[in-house]
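Just below is one structure, and these are the notes that go with it.
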Amino acid sequence: METGKVIVEKVRGKSTVTKCFSKYPLKFIIPRKVGSSESEAVWIYTITYGGGIVSGDSIACDIIVGNGCTTVLTTQASTKVYKAVGSKCSEQMLEARIGSNAFLAVIPDPVTCFSTAKYSQRQVFKAMSDSSLLIVDWMTSGRHERGEKWDFDLYKSTNHIFHDGDEPLFLDTILLEQGTDAGLAERMQDYQVTAMVILLGPKLKHVQNQIQEDVKKIMSESLHMPTIGSRQYTSRHNDHNLTKPSFLASCSVFGPKVWLRLRTHHPPQTPLVGSHWGIGVVTRIAAVTTESVYNFLQHQLSSMEPLLGVRPYS
């Protein structure tokens with residue numbers, strides 16, 4: 001049963017909220033204007049009464065972004081998930097439909113699970129072939145100042161994207177659960193933040209290209225082996241000098257391939273040749289500090305200011 005619903009449609013040529021409904025424990029804050037007057041993006045802030053998600057809470061949200069509209073779904077602070085009571089699991093569900101030539105940016109602050117918390121979230125996005133979508137899904141290890149690092153019981157995050165109706169395009173689930181042999185803290189080692197950034201659609205093509213180049217450069221520098229002269233230095237006696245990168249990232253494309261026919265020197269009956277480029281890019285991150293992920297997001301998404309009115313995570 002829905003606890004919140006927002007519909008954004010074109011009214012007199014501008015993206016406008018035409019319906020907004022919420023009930024406990026969810027509340028929406030929709031400012032009249034965010035950022036530059038040239039931007040028509042609608043910003044939606046989700047908050048919960050009590051400042052977090054209580055054990056047993058079940059929140060279901062429905063967002064509809066009409067044709068040609070631009071919408072941002074975000075938070076005012078990190079999403080806190082309080083301690084579990086017994087076996088109760090806190091749940092959040094989001095279903096979003098993005099119309100033709102529309103753009104939805106889901107850019108919350110990270111989820112922070114308290115000790116013993118059980119949390120599950122499911123996000124389903126239904127997009128058209130020319131829709132654009134940005135999803136940032138990330139979490140921290142817990143309340144560092146209290147010594148809680150990967151001390152929760154369960155964290156599960158599911159992101160499904162469907163194209164042109166019900167055609168699966170991107171299906172992903174992250175599951176972190178305390179094990180009997182090794183706890184999460186032992187498995188995650190020094191990394192305190194994990195994140196996933198999904199970029200899809202024509203309005204984000206320039207961001208897709210840039211983030212792939214930047215991640216390649218970052219990881220090339222981070223994982224560069226020390227050298228002596230022209231030879232790579234891999235002596236086992238010096239392995240202790242190699243430090244673990246404080247920021248890890250990887251990029252991959254997804255979606256149907258673009259098929260091309262080489263027409264220059266071949267007749268029309270020549271078989272189509274597939275390129276390796278998909279229509280979306282997913283970036284996965286593990287970092288030692290939350291600040292480093294904020295900085296990465298600020299830099300990579302800064303070029304979206306004209307679309308959204310302000311720079312994300314600024």
Side-chain angles (χ1 to χ4, degrees), residues 2 4-21 28 30-31 33-44 46 60-74 93-108 122-137 158-172 196-211 253-260 274-275 277-283 301 303-310 312:
E2 288 179 352
K5 183 171 185 175
V6 179
I7 298 177
V8 180
E9 296 176 292
K10 282 283 189 181
V11 177
R12 296 177 183 176
K14 293 186 177 181
S15 301
T16 307
V17 175
T18 57
K19 181 177 180 179
C20 181
F21 156 79
F28 295 122
I30 304 177
K33 190 64 183 175
V34 175
S36 169
S37 59
E38 298 177 0
S39 169
E40 61 161 301
V42 170
W43 282 68
I44 304 168
T46 62
C61 184
D62 190 11
I63 303 291
I64 299 175
V65 184
N67 295 342
C69 294
T70 299
T71 304
V72 180
L73 186 65
T74 186
M93 290 156 282
L94 169 66
E95 181 167 327
R97 281 165 281 178
I98 307 110
S100 176
N101 196 37
F103 175 34
L104 173 64
V106 181
I107 50 173
R122 177 181 173 84
Q123 301 186 134
V124 177
F125 303 90
K126 297 182 179 180
M128 304 299 289
S129 60
D130 60 350
S131 302
S132 295
L133 177 63
L134 164 64
I135 305 169
V136 178
D137 184 12
T158 298
N159 287 282
H160 288 176
I161 303 175
F162 296 91
H163 227 205
D164 288 335
D166 296 324
E167 182 183 349
L169 177 65
F170 181 88
L171 307 176
D172 183 87
M196 180 172 67
V197 182
I198 301 171
L199 299 158
L200 172 69
K203 294 183 180 180
L204 302 181
K205 194 62 182 177
H206 65 291
V207 186
Q208 292 180 7
N209 296 336
Q210 186 62 52
I211 199 169
V253 297
F254 65 88
K257 293 178 180 179
V258 178
W259 295 93
L260 303 172
S275 85
W277 293 105
I279 60 173
V281 171
V282 57
T283 302
L301 306 180
S303 62
M304 296 172 59
E305 182 177 359
L307 278 172
L308 305 182
V310 297

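Here the CG atom belonging to Asp172 is positioned 6.5 Å from the CG atom belonging to Asn159, to the nearest 0.5 angstrom. In this structure, CD1 in Ile135 is found 7.0 Å from CE in Met196, a value given to the nearest 0.5 Å. One finds the CZ atom of Phe125 at 7.5 Å from the CD1 atom of Ile198 (value rounded to the nearest 0.5 Å). Atom-to-atom distance recorded for Leu204:CG and Asn209:CG is 11.0 Å, nearest 0.5 angstrom. Considering CG of Leu94 and OG1 of Thr46, their distance stands at 9.0 Å, rounded to 0.5 Å. With rounding to the nearest 0.5 Å, the separation of CD1 in Ile161 from CD in Glu167 is 12.5 Å.
Side-chain contact between Val124 and Met93 is absent, with no heavy-atom pair separated by less than 4.5 Å. Side-chain contact between Leu169 and Ile279: present, with at least one pair of heavy atoms (C-beta onward) separated by less than 4.5 Å. In this structure, the side chains of Phe103 and Val65 stay at 4.5 Å or more apart for every pair of heavy atoms. Contact of the His206 side chain with the Ser303 side chain is registered, since non-hydrogen atoms from C-beta on lie closer than 4.5 Å. Taking 4.5 Å as the limit, every side-chain heavy atom of Val34 sits out of range of all side-chain heavy atoms of Val42.
Residues Glu9 and Thr18 come closest through the heavy atom pair OE1-OG1, 2.7 Å. Minimum interatomic distance between Cys20 and Phe28 (heavy atoms only, all atoms of both residues): SG-CD1, 3.8 Å. Pairing each heavy atom of Pro202 with each of Ser131, the nearest pair is CD-O, 3.6 Å. Scanning all heavy atoms of the two residues, the minimum distance from Ile63 to Cys61 falls at CD1-SG, 3.8 Å.
In summary, the side chains of Ser100 and Asp130 do present a donor paired with an acceptor at a separation below 3.5 Å, with no hydrogens or angles considered.
Checking side-chain atoms of Lys5 against main-chain N and O of Ile64 turns up no donor-acceptor pair under 3.5 Å. A donor-acceptor pair under 3.5 Å is absent between the side-chain atoms of His160 and the main chain of Phe170, judged by distance alone. Checked by atom type and distance alone, the side chain of Asn67 never pairs as donor or acceptor with a backbone atom of Gly99 at under 3.5 Å. No side-chain donor-acceptor contact under 3.5 Å links Thr71 to the backbone of Leu104.
A salt bridge links Lys126 with Glu95: at least one charged nitrogen is closer than 4.0 Å to a carboxylate oxygen.
Each salt bridge (Lys or Arg N to Asp or Glu O under 4.0 Å) pair with one or both residues in residues 96-107, not counting sequence neighbours, appears once here: Asp62-Arg97.
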Got a list of side-chain donor-acceptor pairs under 3.5 Å for residues 10-17, not counting sequence neighbours?
unit_1	atom_1	unit_2	atom_2	d
Lys10	NZ	Gly13	O	3.3
Lys10	NZ	Glu40	OE1	3.0
Lys10	NZ	Glu40	OE2	2.9
Lys10	NZ	Gly68	O	3.4
Ser15	OG	Glu40	OE1	2.7
Ser15	OG	Thr70	N	3.1
Thr16	OG1	Lys14	O	3.0

